[in-house]
Amino acid sequence: MAAISLYDTAPLQETLADLVDFDLINSGAIRLSLGAVDVVSGNFNYFDNNHCDFSAKHVAASGALPPGFAPIEIDGRYYWDGGIVSNTPLQRILGGPELESDLCIFQIDLFSAKGQLPKDLFDVQAREKEIRFSSRTRLNTDQFRKLQTIRMAASRLMAKLPDELKDDPDARLLEKIGNDCAVTMVHLIYRHADYESQSKDYEFSRLSVEEHWKAGHDDVVRTLNHPDWQNRTRPTNGIRVFDLCEKHGVEKKS
C-alpha cells in the first residue's frame, strides 16, 4: 500500500489496540457506529458494534483519508475514510425510525463548508477539500426538521382520534411513525488558519496537531460557557442548532 499513500498507519493500529478497550466496545454497553467507504464498490458502509466485533482496523478504516492514509483491509474488502461520501452522517441518528427520546448531539467538523473565493490553484485545491469533506449539516437538519414536524403532528393526531378510529390501518401507520422527540445539536467547526494550504488533510506536524487540539478545546469551553447554551430550552419544532464559536459570536440557527 506504500504506492498509494503517504503514511504507514500500522503504528496507529498498534496504539489503538493498546489504549482502547475493544472488549468493552464489543460488549454493546455503548453503541458505536463508524462509517467507511468501500474503495472498489464506492459504497458507504457502517461498522456497528450491534452487528460486528470491532478491532483497531475498523477505527483505522473510518479514518483512512486518502492520499495520506492507505485503505484498510477488513474481511477481504478495502476501506477509506467515510468522509469521502458523508463526513458526519447525521442521517444515521436522525433519519431512522428508532428515535425514541430527546437527543443532545455534539457534531464536530474538521472542515468548514463556508470559505473564500479561491485566488490561485493552491486555493482551489484547499477550497475543494473543504466543500467535499465538510458535513452537509444544513441539508440534514432541514430534512430532519420537516420529517420531525410530520412525526410530531402524527403523534398529536393519534392522541385526538376517537377509540373507534385508532385501529384503522392508516391510524396504526401514523402511530408507528409518530413521536414527540426533540433534538439539540451543538456544532463545533474547525475554521482553518489563513496560512493553511491544501495539504492540511495530511499535514500532521507537531505544531499543526497542537494548534488543532487547542482550537477544539477552546471552542468546547467557549460553547459550554456561553449564556445561550447554559440557558437553552427544549426545542419546540423538532431541532435546534447551536454554533457558538468565537468568529460567529452569536447563535446560528438552521
Side-chain angles (χ1 to χ4, degrees), residues 1-99 103 105-113 125 128-137 139-141 143-144 185 187-190 198-204 209 212 216:
M1 291 296 173
I4 58 173
S5 63
L6 301 176
Y7 294 94
D8 176 14
T9 57
L12 168 64
Q13 294 182 51
E14 294 175 2
T15 300
L16 289 170
D18 288 340
L19 299 181
V20 178
D21 188 345
F22 285 101
D23 289 336
L24 176 60
I25 291 175
N26 292 325
S27 72
I30 298 175
R31 179 80 174 274
L32 177 61
S33 298
L34 299 176
V37 177
D38 188 309
V39 177
V40 176
S41 71
N43 292 331
F44 195 92
N45 182 67
Y46 284 108
F47 300 117
D48 193 302
N49 63 345
N50 277 4
H51 307 293
C52 72
D53 287 337
F54 271 89
S55 69
K57 278 191 172 185
H58 294 84
V59 182
S62 74
L65 185 63
F69 297 163
I72 302 298
E73 186 271 329
I74 298 175
D75 296 331
R77 309 295 298 183
Y78 287 85
Y79 295 94
W80 269 331
D81 189 314
I84 295 175
V85 173
S86 182
N87 203 36
T88 307
L90 277 175
Q91 63 271 20
R92 175 73 171 182
I93 300 173
L94 301 180
E98 67 276 5
L99 189 62
L103 295 177
I105 300 171
F106 285 78
Q107 176 169 318
I108 301 171
D109 284 341
L110 302 182
F111 295 83
S112 175
Q125 289 181 300
E128 183 271 335
K129 288 180 180 180
E130 289 175 344
I131 295 172
R132 177 154 50 103
F133 293 120
S134 63
S135 296
R136 298 167 295 175
T137 302
L139 174 63
N140 286 329
T141 52
Q143 289 179 339
F144 174 77
M185 190 169 77
H187 204 186
L188 300 168
I189 307 172
Y190 174 69
Q198 55 85 26
S199 65
K200 61 185 175 183
D201 59 325
Y202 58 85
E203 200 278 288
F204 298 114
V209 170
H212 291 181

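FYI, side chains are in, hydrogens and waters are out, and symmetry mates aren't considered; it's all heavy atoms of this structure.
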query: Would you find a donor on one side and an acceptor on the other, under 3.5 Å apart, between the side chain of Asn49 and the backbone of Ile30?
result: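 Answer holds: yes.
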Validation row: [X], [Y] side chains within 4.5 angstrom (heavy atoms):
X: Trp80; Y: Pro66; value: yes
X: Ile72; Y: Gln13; value: yes
X: Tyr79; Y: Asp38; value: yes

message: Going by side chain to side chain contact (heavy atoms under 4.5 Å, CB included), name the residues that satisfy it together with Ile4, two or more places apart in sequence or in a different chain.
response: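 Counting only residues at least two positions away or on another chain, Ile4 forms a side chain to side chain contact (heavy atoms under 4.5 Å, CB included) with Met1, Pro71.
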Would you give the length of the straight line joining atom [atom1] of [X] to atom [atom2] of [Y], rounded to the nearest 0.5 angstrom?
X: Leu65; Y: Ser5; atom1: CG; atom2: OG; answer: 12.0 Å
X: Arg31; Y: Ile25; atom1: CZ; atom2: CD1; answer: 13.5 Å
X: Ser55; Y: Leu16; atom1: OG; atom2: CG; answer: 9.5 Å
X: Phe106; Y: Leu188; atom1: CZ; atom2: CG; answer: 7.0 Å

task: Can you run down the side-chain hydrogen bond (donor to acceptor under 3.5 Å, both in side chains) pairs that involve residues 60-69, sequence neighbours left out, and say none if there aren't any?
output: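 Found none.
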message: Take a 6.0 Å sphere around CZ of Phe54 and say whether it holds more than 12 heavy atoms from other residues, nucleotides or ligands.
response: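 Buried by this count: over 12 neighbours within 6.0 Å.
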message: Among residues at least two apart in sequence or on other chains, which ones pass salt bridge (charged side-chain N to carboxylate O under 4.0 Å, His left out) with Glu14?
response: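 If we apply the salt bridge (charged side-chain N to carboxylate O under 4.0 Å, His left out) test to Glu14, skipping adjacent residues, there are no hits.
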message: Asp8: which residues meet the salt bridge (charged side-chain N to carboxylate O under 4.0 Å, His left out) condition with it, sequence neighbours left out?
response: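 Counting only residues at least two positions away or on another chain, Asp8 forms no salt bridge (charged side-chain N to carboxylate O under 4.0 Å, His left out).
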Quick check: closest heavy atoms across [X] and [Y], and the distance to 0.1 Å?
X: Ile84; Y: Val37; answer: CB-CG2, 4.3 Å
X: His58; Y: Leu34; answer: O-CD1, 3.9 Å
X: Phe47; Y: Ala36; answer: CE1-CB, 3.8 Å
X: Arg77; Y: Val40; answer: NH2-CB, 4.1 Å

field: Residues which pass ring-ring contact (aromatic ring centres under 6.0 Å, His included) with Phe22, listed by chain and number, not counting sequence neighbours
entry: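 Applying ring-ring contact (aromatic ring centres under 6.0 Å, His included) to Phe22 gives none.
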- prompt: Considering residues at least two apart in sequence or located in another chain, which fulfil the side-chain hydrogen bond (donor to acceptor under 3.5 Å, both in side chains) criterion with Ser33?
  reply: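 Expected list: Asp48.
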